[in-house]
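Everything below concerns the one structure shown next.
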Amino acid sequence: MADLRTKIGSLELRNPVMLASGTCGYGAELKDFIDLSKLGAIVVKGTTLEPREGNPYPRMAETASGMLNAVGLQNKGIDYFEKHIYPSLAEYDTHVIVNVNGNTVEDYIRLARRIEHLAAIPAIELNISCPNVKQGGMIFGTNPASAREVIAAVRNAYSKTLIVKLSPNVTDITEFARISEEEGAEAVSLVNTLLGMAVDPRTMKPKLSTVTGGLSGPAIKPVALRMVWQTARTVKIPVIGMGGIMNGNDALEFIMAGAAAVQIGTATFIEPRTALTAIESIDSFLSERKLDSLANIVGIINRN
Amino acid sequence: MSKRIEDLTVTDNRRLAEGFFVVKVSSSAGLPEILPGQFIQILVTESPSTFLRRPLSVHDVDYGSNTISLLIQVAGAGTERLSRLGKGETVNLIYPLGNAFTMPAGGEKVLLAGGGCGMAPLLYLGRKIRDLGVEPQFALGFRNRSRILEHEQFRDLGTVHLATEDGSEGHQGFVTDIPAFRESHWDKVYCCGPEPMMKAVARLCLERDIFCEVSLENLMACGMGICLCCIVPTNTGNLCSCTDGPVFNIRNLKWQISEQK
């Protein structure tokens with residue numbers, strides 16, 4: 001077996017494959033299908049200070065090679081998380097990262113401080129890229145000044161590993177990656193979903209209650225890959241790549257374009273074992289090429 | 001109860017009516033216990049425009065041959081592909097998913113009301129109720145005579161009352177217009193069908209203070225409680241129809257109160 005270890009700032013992962021926030025619940029939902037201890041990390045459901053009901057039904061529409069969602073950060077809030085969910089997460093033999101959301105900079109700070117106290121959570125993923133909420137989310141992640149303000153504030157409030165999850169709904173994603181790096185983030189993860197929509201001609205209505213939603217799945221993979229490549233060439237901090245990864249080959253594309261780790265998202269809905277098979281196929285790829293470690297291929301397309 | 005992901009073999013595919021098929025799939029590993037009301041997520045292959053799995057009710061279960069029956073209505077490219085499944089083909093299922101109907105107590109009088117493809121989960125439910133020694137009655141509604149689906153297997157389990165919207169067979173109107181539904185006392189009513197029909201059944205049951213459970217069919221991506229797309233507004237907040245449902249007691253649902261037509 002090749003050495004698949006990779007580092008996200010001070011956090012060492014046993015392999016580069018993580019489960020993406022919003023597509024793996026809190027991990028327990030997938031226990032019948034995968035051994036979580038085999039994963040590099042899991043990023044659990046987007047969490048807010050207060051409980052949120054999310055957006056009205058319908059929240060999902062299938063599209064060509066992908067899907068739109070407009071869940072809107074439905075979650076039970078940090079109090080419930082800490083009391084009822086965290087204790088079981090603390091038992092997992094993998095890194096558990098919490099995806100952090102808020103309406104205001106103050107919300108993000110307060111939530112980051114709360115999570116800092118949870119010993120079994122070594123990192124947060126600062127979500128400034130959710131396209132499905134009216135306040136916060138992508139509003140922070142598409143304006144450089146707001147992004148800088150919230151990242152700096154959270155960095156100041158949170159001492160463990162800080163990952164910033166970036167929105168692809170910008171002209172130049174590398175600008176936001178640079179801001180993240182300058183303000184002390186240890187990694188960036190990209191991309192969140194692309195803003196999209198769908199209309200049902202039969203009902204003459206939008207397919208989503210919110211009209212627009214976030215597009216994910218193989219439909220966005222070439223765009224995501226391009227952004228990961230651009231970002232990895234721009235910043236020195238590790239890039240976590242995601243967007244339409246359905247198998248090990250897709251994961252290898254992101255890694256070769258410069259991603260130190262990848263996240264499996266929508267694929268888990270269709271094939272819950274995708275993350276595990278991706279790990280196996282990355283390992284066999286390296287073995288077949290007689291490469292002893294993952295580091296041999298991270299960003300390899302940029303080396304020549 | 002644990003879920004599994006498994007390749008099963010198609011052993012039969014029979015057309016019931018235009019656009020309706022019953023596909024039987026067999027497990028070589030042996031079936032786990034499946035409860036009435038539960039569903040499966042089937043992977044659709046060779047259909048380029050189909051990205052997600054398709055959720056389907058368990059129509060019937062035969063533990064002797066380790067076979068599950070699935071009642072499929074062609075609604076788009078994915079179900080069209082499933083309607084062409086041939087004997088011997090392999091299909092990948094995630095199952096069993098979701099909760100289950102509440103079984104009646106001995107001696108209770110129960111009605112199983114279904115409309116169109118919504119009768120799918122009621123056959124297995126009726127069979128399990130019959131196994132308890134309770135004789136179920138069925139109220140099945142269809143658009144017209146030509147849309148009536150074969151229901152001999154329902155007749156083997158209990159009395160079947162039919163309704164068609166145009167009166168071309170059985171009682172004219174909806175299942176709620178069937179005299180036996182209105183005139184008898186029922187201890188439990190179970191319902192699955194188009195939303196207007198389920199709402200009509202729910203209203204009638206609320207008025208008469210009858211225990212009633214409905215099986216909802218919401219759009220979903222995963223079926224495992226992780227995508228949070230198939231939510232149902234309830235008295236205890238938004239619940240997932242895939243893991244908290246698909247079966248809900250009407251008293252816990254908000255729709256029959258807020259959206260009366």
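Throughout, a chain's letter reflects where its sequence line sits, starting with A, and its residues are numbered from 1.
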Residues in residues 264-279 of chain A that sit under 4.5 Å from chain B, counting heavy atoms only | A/T266, A/T268, A/F269, A/I270, A/E271, A/P272, A/R273

Just by modelled atom types, is the B/C230 backbone N or O under 3.5 Å from a matching donor or acceptor in the B/S241 side chain?
-> yes

Nearest 0.5 Å please: distance from the CG atom of A/D79 over to the NE2 atom of A/H84.
-> 9.5 Å

Measure the OG1-CG distance between B/T45 and B/L82 for me, rounded to the nearest 0.5 Å.
-> 8.5 Å

Of all of B/C227, B/G237, B/G225, which one pairs up most often with chain A through heavy atoms under 4.5 Å apart?
-> B/C227

May I ask you to name which of A/E29, A/E62, A/M67 has the most heavy-atom pairs under 4.5 Å with chain B?
-> A/E62

Which region of B/T243, side chain (C-beta onward) or backbone (N, CA, C, O), has a non-hydrogen atom less than 4.5 Å from a non-hydrogen atom of chain A, or is it both or neither?
-> neither

Side-chain (B/Y124) to main-chain (B/I34) donor-acceptor, under 3.5 angstrom | yes

Of the backbone (N, CA, C, O) and the side chain (C-beta and beyond), which part of A/K31 lies under 4.5 Å from a heavy atom of chain B, both, or neither?
-> neither

Go through B/S49, B/C222, B/P48 and name the one with the most non-hydrogen pairs under 4.5 angstrom from chain A.
-> B/C222

When you check the gap from the basic side-chain N to the acidic O, do A/E253 and A/K221 get nearer than 4.0 Å?
-> yes

What are the two closest non-hydrogen atoms of B/G30 and B/N66, and how far apart are they?
-> CA-OD1, 3.4 Å

Under a 4.0 Å N-O cut-off, is there an ion pair linking B/R145 with B/D166?
-> no

Distance only, no hydrogens: is a donor on one side chain within 3.5 Å (strictly under) of an acceptor on the other, for A/S189 and A/Q263?
-> no

Under 4.5 Å from any heavy atom of chain B - which part of A/Y57 | both

Per-residue contact mode, B/L43 against chain A (heavy atom under 4.5 angstrom) | side chain

Answer yes when B/E89 and B/R81 have at least one side-chain N-carboxylate O distance shorter than 4.0 Å, and no when they do not.
-> yes

